[in-house]
Amino acid sequence: MQGVITLIVLLGTAYAAGYFTRDFKSRKRRAAARRSNGYTQPDWLSPTVPANTNDTPLAAVGELGQMLDRWETRARARRVG
């Protein structure tokens with residue numbers, strides 16, 4: 001019985017190690033692809049701006065900003081009545 005438990009633990013460990021290795025290699029491959037293509041992070045993608053607010057970011061200009069303004073205006077109108 002102890003052999004079966006040991007086998008299950010070893011299989012679980014191997015399974016987890018495979019997922020870790022796959023994730024690690026994928027992250028390395030994506031990072032290399034971003035470096036080779038000259039990827040630069042967009043201005044609007046900022047880690048300091050919280051993603052879970054209804055506030056329109058100040059950097060939202062152009063068509064995207066107008067669309068967000070319309071959505072927010074409609075949402076306020078629905079909430080009011």
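Throughout, residue positions are numbered sequentially from 1 according to the sequence presented. Atoms considered below: every heavy atom in the structure, side chains included; atoms not considered: hydrogens, waters and symmetry mates.
Taken to the nearest 0.5 Å, the OG1 atom of Thr73 stands 9.5 Å off from the CZ atom of Arg70. Atom CD of Gln2 and atom CG of Leu7 lie 12.5 Å apart (nearest 0.5 Å). Tyr15 contributes atom OH, which lies 3.5 Å from atom OH of Tyr19 (distance to the nearest 0.5 angstrom). To the nearest 0.5 angstrom, Ile8 atom CD1 is 11.5 Å from Thr13 atom OG1.
Residues satisfying the side-chain hydrogen bond (donor to acceptor under 3.5 Å, both in side chains) test with Arg74, not counting sequence neighbours, are none. Partners of Asp23 by side-chain hydrogen bond (donor to acceptor under 3.5 Å, both in side chains), not counting sequence neighbours, listed by chain and number: Arg27.
Between Arg79 and Glu72 there is a salt bridge, since a side-chain N of the basic residue sits under 4.0 Å from a carboxylate O of the acidic one.
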